[in-house]
There are 2 protein chains.
Amino acid sequence: MSAQYGIGDFSKKTNTTVRTLHYYDEIGLLKPAFLSDGGRRYYTDAEIVKLQKIVTLKYLGYSLEEIQEIIHEKDWNLKQSIQFQRGEMIKKKQQIEQMIRTLDHALTIIEDNQTIDATIFISLINSIQMENEHREFLKELIPEITINEIYNIPEEKHKQLSKRTANLFTNLKEAYGQEPSSTSVQHLIDELWQILNDLYPDTKSLIETLMEKDEELTQQLDDSPVLFPSAFNAGEEKWVGQALEIYFKKMGLILDEND
Amino acid sequence: MSAQYGIGDFSKKTNTTVRTLHYYDEIGLLKPAFLSDGGRRYYTDAEIVKLQKIVTLKYLGYSLEEIQEIIHEKDWNLKQSIQFQRGEMIKKKQQIEQMIRTLDHALTIIEDNQTIDATIFISLINSIQMENEHREFLKELIPEITINEIYNIPEEKHKQLSKRTANLFTNLKEAYGQEPSSTSVQHLIDELWQILNDLYPDTKSLIETLMEKDEELTQQLDDSPVLFPSAFNAGEEKWVGQALEIYFKKMGLILDEND
DNA sequence: ATAAGACCTAACGTTACGTGAGATACAAGA
DNA sequence: TCTTGTATCTCACGTAACGTTAGGTCTTAT
């Protein structure tokens, strides 16, 4: 029935470090039962109980400051506090789940695409991450139903499309420099068209709508946040643009000539 | 096609704070394209791409230091890195899920037990939290099968038992001071016995086993970590002990008289 | 030229301790 | 009683990723 422990024994008994006990003393969370004349800390069984309380609350996700309040407030509203805490933890969990989903998606893209370019990869992941913001942005341009059709595709299909896109972008980057009108390049652009159509069956009219609104958009975008990071650098982008133009002309879509 | 932004415009365009850009510059993660004679930072579209990269990797859970390495290492092993990161996130998720489960359990206990004593509450939560450590500890005393029988009870039953325990402990604390041999107190002890039997049908022989090992245990425990925090203070615990003794005697179990 | 913004560089605050460094305190043996 | 050896003490800096003043400087429009 020994009832006094030096800080060392106490730390072993409670599985905490000496430094932690020092710290808790310092911030007034857990003071030792008494001090020796020389200033050493001594603890008793009562402090074990207090520390258990602290450890338990920490385990429930409370910060030391919150624990302070809980311990000193005599009228701690258990239920409300726990419910709030639960909400906070659920939020954290959802964030992490989103991260995991994105990582999974990333792994799908990488899977059979061994030598994927980092820029392409980042841009695809970014587009997944930004999906919600994209939605907000597009909402002002296209009727909502269309947006939902684009984004409510099943997870598995989404992954497959990302994979195809990754492949295509890789091939496009490799083909960079070739004549935009060449058969091989136009073939790649056709694959791009296929992917877009797979995403949304009526891509043609979607593109037309977007082109109409192009001018006001360009203006708006100037000082609003950048949403779509490109997988291509300036040169590549221009080159893809030329190839697209040629492709559209063949299909009967006409593009403005801006630069 | 403006291609230069002051730090303010750049921060708006990329949805980051000026301070963040300062910081990234400071640690060499993202340097501005160039400085004015007066030392002001100017960014171009190239920096937008770099920043997107950083933001994306942060979103995947990487630290800025890791991002540094990823960006500067030319041979970043995407797949391995992402897989590792996924593992880390899964771990975090599991921790949080455990916390949520415990909080749920806590809410069940509180539910219809409006005025529960904080000490009782903490001790019950603590026992949930410590479950795994308990298992390790008990493993040395009791055959494993028994342990599994105790701990593999379904979640719902576990919660109900916690609730009953909370109720019982509350009643016991209220009854503290009454004659241990009185009918009302013995009635409460009987409920304790019922709960224990509900937990594990053959509590009787379990108790006997524990009593046999009592001496060596007491010794061992002296400088090993404390595992079972009590819901009762010293006085209450002694009093419950007396009541238990009387109860056991009536049942034919004999306890050592230690103090 | 001057005033209004935009921007600059410190430098401290945040969380819950970890990690030394150098100075004391205490218990035990000579 | 003196001397060790070990336990413990008090600073005090480091961590991650910025937020937040504070006080001075650059740019630009009038």
Side-chain angles (χ1 to χ4, degrees), chain A residues 2 4-43 47 50-51 53-71 85 88-89 92 95 99 223, chain B residues 2 4-43 47 50-51 53-71 85 88-89 92 95 99 223:
Chain A
S2 72
Q4 288 179 23
Y5 319 97
I7 199 169
D9 294 338
F10 189 72
S11 79
K12 276 170 207 153
K13 239 188 152 48
T14 57
N15 258 337
T16 53
T17 68
V18 171
R19 173 60 177 138
T20 298
L21 293 169
H22 279 166
Y23 183 64
Y24 288 176
D25 184 8
E26 190 184 327
I27 65 173
L29 185 55
L30 180 71
K31 298 252 176 218
F34 63 93
L35 300 177
S36 73
D37 292 344
R40 296 193 169 190
R41 284 164 254 255
Y42 286 90
Y43 297 84
E47 278 70 45
K50 287 183 194 167
L51 186 52
K53 206 167 181 170
I54 293 166
V55 170
T56 301
L57 289 171
K58 252 184 41 182
Y59 181 76
L60 292 180
Y62 291 96
S63 71
L64 294 187
E65 202 179 344
E66 289 167 324
I67 295 176
Q68 283 271 35
E69 289 169 18
I70 289 172
I71 288 179
Q85 194 61 21
E88 295 298 299
M89 292 307 119
K92 274 200 185 177
Q95 273 185 34
M99 288 173 54
D223 50 55
Chain B
S2 72
Q4 287 179 21
Y5 319 98
I7 199 169
D9 295 336
F10 189 72
S11 80
K12 275 170 208 151
K13 237 188 155 44
T14 57
N15 256 337
T16 53
T17 68
V18 171
R19 172 60 178 141
T20 297
L21 293 170
H22 278 167
Y23 183 63
Y24 288 176
D25 185 9
E26 190 184 326
I27 65 173
L29 185 55
L30 181 72
K31 299 253 177 216
F34 62 94
L35 300 176
S36 74
D37 291 345
R40 294 193 169 190
R41 283 165 255 254
Y42 287 90
Y43 297 84
E47 278 69 44
K50 287 183 194 169
L51 186 52
K53 206 166 181 172
I54 293 166
V55 170
T56 301
L57 290 171
K58 253 185 42 182
Y59 182 75
L60 293 180
Y62 290 96
S63 72
L64 295 188
E65 203 180 344
E66 290 166 324
I67 295 175
Q68 282 272 34
E69 290 168 19
I70 289 172
I71 288 179
Q85 193 61 21
E88 296 297 299
M89 292 305 120
K92 273 201 184 176
Q95 272 185 34
M99 287 174 53
D223 49 55

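Source: prediction; values computed, not measured. Each chain gets a letter, A, B and so on, in the order its sequence line appears, and its residues count up from 1.
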To the nearest Å, how far apart are [X] [atom1] and [N] [atom2]?
{"X": "A:Leu35", "N": "D:dT10", "atom1": "CG", "atom2": "P", "result": "8 Å"}
{"X": "B:Leu21", "N": "D:dC18", "atom1": "CG", "atom2": "P", "result": "10 Å"}
{"X": "A:Glu26", "N": "D:dC9", "atom1": "CD", "atom2": "C1'", "result": "13 Å"}
{"X": "A:Phe34", "N": "D:dC9", "atom1": "CZ", "atom2": "P", "result": "12 Å"}
{"X": "B:Asp9", "N": "C:dC7", "atom1": "CG", "atom2": "C1'", "result": "12 Å"}
{"X": "B:Ile27", "N": "D:dG14", "atom1": "CD1", "atom2": "P", "result": "17 Å"}
{"X": "B:Tyr5", "N": "C:dC7", "atom1": "OH", "atom2": "P", "result": "14 Å"}
{"X": "B:Tyr59", "N": "D:dA17", "atom1": "OH", "atom2": "P", "result": "18 Å"}

[options]: which one has an atom nearest the side-chain heavy atoms of [X]?
{"X": "B:Arg19", "options": "C:dC17, C:dC26, D:dT20", "answer": "D:dT20"}
{"X": "A:Ile7", "options": "C:dC17, C:dC8, D:dT8", "answer": "D:dT8"}
{"X": "A:Arg41", "options": "D:dT27, C:dA11, D:dT10", "answer": "D:dT10"}
{"X": "A:Ser63", "options": "D:dC26, C:dA16, C:dC17", "answer": "C:dA16"}
{"X": "B:Tyr24", "options": "D:dA16, C:dG18, D:dC18", "answer": "D:dC18"}

- Item | Side chains of A:Tyr59 and A:Val55 in contact at under 4.5 Å (non-hydrogen atoms) |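 In short, these two side chains do not touch, never coming nearer than 4.5 Å.
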- Task: Could you tell me whether the side chain of B:Tyr23 reaches within less than 4.5 Å of the side chain of B:Leu64, counting heavy atoms only?
- Result: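 Side chain of B:Leu64 against side chain of B:Tyr23, heavy atoms only: contact under 4.5 Å found.
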Compare side-chain N and O positions of [X] against OP1 and OP2 of [N] and report whether any pair is under 4.0 Å apart.
{"X": "B:His22", "N": "D:dC18", "answer": "no"}
{"X": "A:Lys58", "N": "C:dC17", "answer": "yes"}
{"X": "B:Thr20", "N": "D:dA17", "answer": "no"}

- Look at the side chain of A:Arg40 against the base of D:dA7 and say whether a donor-acceptor pair falls under 3.5 Å; ignore hydrogens and angles. yes
- Using 30° and 60° as the class limits, which term best fits the ring planes of B:Tyr42 and B:Phe34: parallel, tilted or perpendicular?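 Ring orientation of B:Tyr42 relative to B:Phe34: parallel.
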- Task: Let me see the working for B:Arg40 and B:Leu35 under side chain to side chain contact (heavy atoms under 4.5 Å, CB included), right down to the final yes or no.
- Result: CA-CA 5 Å; B:Arg40 294 193 169 190; B:Leu35 300 176; over 6 Å; no
- Message: Let me spell it out: for each of A:Ser36 and A:Thr17, pick the nucleotide of DNA chain C with the closest heavy atom. Which residue's pick is nearer the 5' end?
- Response: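 The answer here is A:Thr17.
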- Item | Straight-line distance of B:Lys92 NZ to B:Glu88 CD, nearest 0.5 Å | 8.5 Å
- Message: Let me spell it out: for each of B:Gly38 and B:Leu64, pick the nucleotide of DNA chain D with the closest heavy atom. Which residue's pick is nearer the 5' end?
- Response: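 Closer to the 5' end of DNA chain D: B:Leu64.
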- With a 4.0 Å cut-off on heavy atoms, is B:Tyr42 in touch with a base, just the backbone sugar-phosphate, or nothing at all?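 No contact.
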